[in-house]
Amino acid sequence: MSFSTSFWSLANPARFMSLTARAVPILSVLAGVCLVGGLVWGFFFTPDDYRQGSTVKIIYLHVPAALMAINGWLMMLVASLIWLVRRHHVSALAARAAAPVGVTMTLIALITGAVWGQPMWGTFWAWDPRLTSFLILFLFYLGYMALWAAIDDPDTAADLTSVLCLVGSVFAILSRYAVNFWNQGLHQGASLSLDREKNVADVFYHPLLLSMAGFILLFLALVLAGTRTEIRARRLHALRLRERMA
Amino acid sequence: MTRIFLRDLRLGVRAGGGFGLGLAFFLIVVVLVPFGIGPETARLGPVAPGILWIGALLACLLSLDRVFALDREDGALDLLATAPVPLEGVALAKAAAHWITTGLPLCLAAPALAVLLALPWPGHLWLAVSLLAGTPALSLIGAFGAALTVGLRRGGLLLSLLVLPLYVPTLIFGADVARRGAEGLSPLVPLALLGAVSLGCLAILPFATSAALRVNLR
Amino acid sequence: MSALEVRDLAVSRGGVPLLEGLSFRVAPGDALILTGHNGIGKTSLLRTLAGLQPPQAGRVAPGPDRIAFGAHSDGMKATLSVAENLEFWAGLHGLRGGIEGVLEEFDLAPLRDRAAQHLSAGQRRRLGLARMGLTGRPVWLLDEPTVSLDAASVGRFARAVERHLAGGGMAVLATHVDLGLAAPRLDLSTFRAAPEVARGDVFAEGAVE
Amino acid sequence: MPDLGRYALEVGFAYAATLILLLTLVGITIWRGRRVKRALQAAEGRRHG
C-alpha cells in the first residue's frame, strides 16, 4: 500500500522533482564508487583466464553494458505502457530519458563485444546471433529517439513513441528468434550467464557483480537526471506556448 | 472497407498513382547487382535469393510514404476517420491496396528477374512463394510506419529508419525460404515461420496503425 | 431529429487552451455562423464537434455519427471523376439511393465524368458540398466553405445550405464572408480561454520545483 | 599496470572506448540539464517578474 502510493505519487511532476532532487547525487556517488571499485578490481587485481588471456577483463564492461542495454528497453516498454494506460506525463518523459542511456549501453556492448571477438574468433565482427541482436536493438533505439525528436507536440510524440515501443518490443523478440534461426552462432553462451556455479570462477565473479551494480546505479542516476531535465524542458515548452499566446 | 480498398487500387493505377515505380526500381536493383559483384554464375547464384529479397523489400519501402500522406494532405483521412467505418478497417484496407499495387507485382516479377541473377531452378518457385507469403507482412509493417510519420512534413527518411529494423524477421525467414529452395533443401520450416509472421502482423498491426492514425489526427 | 447541443465546451490545440465555457444550441432547420479572428480556434472547435479531437471539457450532442465535417480540403481525389468520388463516399456511408439526386441538386450532373482535377474552384467546392449531402447526416460543419469562390458561386453555395436546412438539417459555418444566410452569429472571441488557464496541460499548472 | 600480454591493445581499447562513451553521456546529461534549467529559470522569471 505504502509502496504503491509513494510510487504513483511520482506521477505528479512537482512531487517527482522534489522526491528525486536528493536521489540523483546519492545515486551518482554510489554509482561512481561501485564502477571505479569494480573496474579497478577487475582490471588490476584479477588473474588472466588460462584460455582467454587478459581479454577476460572485458567481461566487466561487456556483460553489465549488455544487461543495461536490454533493461533500458524494458524500462522504456514499462514506462510507455504506464503512459498509455494511466496518462502520467512523467512516465512518458522517463521513457524518453532512458533512450539515450540505453543506446549508449548498447553501443558499449557492441564495441566491447567486437573487440573481445577479435582474439576469440579472429575477426572484429562476426554475425553472431547475440551480437547481431544487439545491433538490431541499436537500430530500434535510434528509430525511437528519432521519432521523439521529429514531433513537435510533446503529447503526440509521447503517444506515438509509446506505440512504436510496444510494437518494436514484439519485433525485437521476434528478431532475436529469427536471428538465432538464421545463424547458430559462435558466442560461448555459457561464459556470459550469471550462473556462478557453472562458468565464472569466483575471482572473476565478485568484481563482475560490483561492476554490474555500478552500471545499474549509473543507469538509474542518468535516467533520473534525464527525466528531471525532460520535465523542466516540458514545463519550458508549456510556458513558451503560453507566452506566444498572450 | 472493400470500397476503400477498391478506391486505393483505382487511384494507384491511374496516372500519377505510382503504380509500377516499385517494380521498375526492383528491376534496376537486380540489373545493377552483377555490375557490383561480377558476372560469374557461380558468384551470382548463391547471393541471388538474398539480393532479390532485399530488392523487393526496398521496392516496397519506396511507395510507403504515400499510403496515408496523400489522404492526409487532401483531407480524406479526416473524412475517413469520421465515416462509419472502423479506423482499423481503413488501415487494413490501405495496407491491402499497397500490397496489391506493390507486393503482388514484385512476387510475379521476381521469378523472371531471378533468371538474370542465375538463381538455380527450383529456387524460382520458392522465391515467388516466399514473396507471396512475406510481402503482406512488409505492407502491414510499412502501413504502421506510415501512420506514425503521417503528420510529419519530411517523414520519408524517418519512415525508413523506423520500418527497416521491423523488417528483419520477415527478411530472414523469406530469404531463407528462397535460399533453401535454390539449394534443393526443404524450405517448409522457414516458410511456416514466414507465414506466421505475416499472420501475426495481420492480427495486431491494424490496431497499432489505427491508434497511431488517431493520435496524428488529433 | 434532435438539435445540436454544445455545453460548457473547452477546446485546445496542442495542449494550449483556445476556447472555454462555450455553449450553444442549433435547432433543426437552423444554422449558426461562427466568427472570430484567425487563430481563435474555429477549426479546432469544428474538429472537436466532429469527434476528431477530444474536448478538454464539456459535451457535444448528438455524437459524431450524426455530424458531417467539411474541412478546407475536401478529400476529393484529383484523378477520379466527379461521379467516382461521390460514389465512393456514398458507398462508405451506406447510402443506397445513388448519387443522381445529389448531382442534380448541386448542378454537377453535366460534370459527372470530369476528373476532379479539371474542375474550377467553384465546381470543386460544390463537389465537396455534395459529399456532405451523401453522408445522410443532419448536422453539417463547414470550415471556411466559400474560400476562393466568386459571388455567383457563393450565392449558389448559400442556396444549397438553405435547401439542407429546409429539409430539417442543421449547419455550423465558420466564415468571414457574408453568405446572405439568415442565421445567428456567434463571436468566438468572447469565449477565448485566458492564457493563464492551465486546463489540458499539467505542466502549465504550476512550477515544477 | 598489470601485464596484459598479447591482448593489451584490445583490452586497453575496450576500456578506453567504454570510458569515453560513458563520460560523454554523463557530460551531455549534465550540460543539457544545466542549459534547460537555466532556460526554465529565465522563463519562470519572465512570468513572475
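Residue numbers begin at 1 in each chain, while the letters A, B, ... track the order of the sequences.
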| query | Does any heavy atom of chain C fall under 4.5 Å from the side chain of L77(B), the backbone, both, or neither of them? | reply | neither
| Quick one: what part of R137(C) sits under 4.5 Å from any heavy atom of chain B, side chain, backbone, both or neither? | side chain
| note | When the 4.5 angstrom heavy-atom criterion is applied to R3(B) and chain C, the contacting part is both
| query | Under 3.5 Å, is there a donor-acceptor pair between the side chain of R47(C) and the main chain of D78(B)? | reply | no
| task | Answer with side chain, backbone, both or neither: which region of L6(B) has an atom nearer than 4.5 Å to a non-hydrogen atom of chain C? | result | neither
| said: Other residues, nucleotides and ligands only: do more than 12 of their heavy atoms fall within 6.0 Å of CG on L32(B)? | reply: yes
| task | Could you pull out the closest heavy-atom pair between L92(C) and P84(B), with the gap in Å? | result | O-CG, 3.7 Å
| said: Out of L217(B), T2(B), V85(B), return the one with the most heavy atom pairs under 4.5 angstrom to chain C. | reply: L217(B)
| message | For F5(B), is the CZ atom crowded, meaning more than 12 foreign heavy atoms sit under 6.0 Å from it? | response | yes
| task | Report the option among A71(C), S44(C), G91(C) that has the most heavy-atom pairs separated by less than 4.5 Å from atoms of chain B. | result | G91(C)
| said: Does any part of the side chain of R218(B), heavy atoms only, come nearer than 4.5 Å to the side chain of P54(C), both counted from C-beta? | reply: yes
| field | pair R7(B)-K77(C): side-chain heavy atoms closer than 4.5 Å | value | yes
| query | How about R7(C): does its CZ atom have over 12 heavy atoms from other parts shown lying under 6.0 Å from it? | reply | no
| message | Can you give me the closest heavy-atom contact between L52(C) and A81(B), atom names plus distance? | response | CD2-CB, 3.8 Å
